[in-house]
Amino acid sequence: MKSMKKLLCISALLLAGCGTVPTINMGPGKVERMYVIECGENHVKDLSRWTPGVNVGMAHVFSDHCYLIKHAKGWMLWDSGNADRLAALPNGLTAPNGIITAYMRKPLLESLKEIGLEPKDIRYFAMSHSHGDHSGNANYFGSSVLLMQASEYAAVFGPEPQKYNFVAANFEQLRNARVEKLNGDGDVFGDGSVVIKATPGHTPGHQSLFVRLPKRPPVLLTGDMVHLVYSWENRVVPGFNYDVAASGRSIDAMKEFVRQTGAQVWVTHDRVQHILIPKSPNFIE
Ligand SMILES: [Zn+2]
């Protein structure tokens with residue numbers, strides 16, 4: 001077991017907290033498996049926008065992932081990636097300010113289909129936050145129960161979503177969805193196996209997701225609390241975050257949470273870290 005753990009540590013950029021994680025708590029969770037779905041790429045011209053003070057002028061490719069969880073009580077989808085319609089654009093879609101080009105190589109619908117699912121099969125839908133690279137396909141999930149922080153909900157469906165860099169059109173089908181508004185953490189299935197952690201800062205109601213897997217250590221899916229493993233390790237957040245100070249506090253709180261739970265930290269936009277993680281239709285347990 002010990003050498004196995006060591007091996008895991010070595011294979012892992014996966015393990016942001018490696019070496020400081022003595023306990024593997026398998027817990028009582030009833031998660032059966034989790035699929036990591038490639039949900040696009042974002043090519044940027046100057047990485048220093050995301051890592052203030054370093055990587056100035058350096059081009060970078062951010063990965064983008066969706067995570068699909070099979071729990072005994074139903075399916076949950078975390079984040080929805082870049083919009084499927086971008087799959088028709090081989091050169092991607094460049095933002096008007098020219099700093100990001102977004103790609104979607106394989107539509108999310110196709111990835112779900114490969115697993116035998118349609119959007120209506122998703123019981124719970126939650127996004128780390130409401131920016132376009134996480135809400136691109138949100139409109140598919142109007143029949144799911146939406147799990148969102150009340151503060152994020154107010155920003156998205158309030159009078160000025162654009163003030164938060166949210167695109168109202170991405171949420172049209174969610175306006176009448178069943179919603180559970182959260183004011184903090186939320187235990188999705190009531191058994192501690194999938195827990196939404198409030199991590200405000202990047203947006204007003206940004207959230208991260210803790211998942212207890214049946215055969216391996218739990219994971220914490222960061223969303224954009226941090227954009228790279230580097231950012232997690234160095235407590236670095238972009239200056240354009242909604243609340244920079246709150247962003248730092250969220251990282252501090254999650255560091256303590258990870259220390260307590262032994263969770264591995266998976267950074268959705270860190271392409272290098274995710275190279276080693278099996279992708280859908282393969283799954284992890
Ligand atoms: Zn993002």
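In each ligand, atom 1 is the first atom listed, and ligand 1 is the first ligand listed.
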Checklist line | Test: K181 cationic atom under 6.0 Å from Y153 six-membered ring centre, within 45° of axis | finding: yes

Checklist line | Parallel, tilted or perpendicular: ring planes of F240 versus W50, cut at 30 and 60 degrees | finding: perpendicular

Next item on the list: Classify the angle between the aromatic ring planes of H65 and H274 as parallel (below 30°), tilted (30 to 60°) or perpendicular (above 60°).
Entry: parallel

Side-chain polar contacts of residues 157-165 - donor-acceptor pairs under 3.5 angstrom, sequence neighbours left out - could you list them?
none

Next item on the list: Pull up every protein N/O/S atom sitting under 2.8 Å from the Zn ion (ligand 1), skipping waters.
Entry: D133 OD2, H134 NE2, D224 OD2, H269 NE2

Notebook entry, point to check: Is NZ or CZ of K197 both nearer than 6.0 Å to the six-membered ring centre of F257 and within 45° of the ring axis?
Noted result: yes

Notebook entry, point to check: If you measure from NE2 on H269 to OG on S128, what distance do you get to the nearest 0.5 Å?
Noted result: 7.0 Å

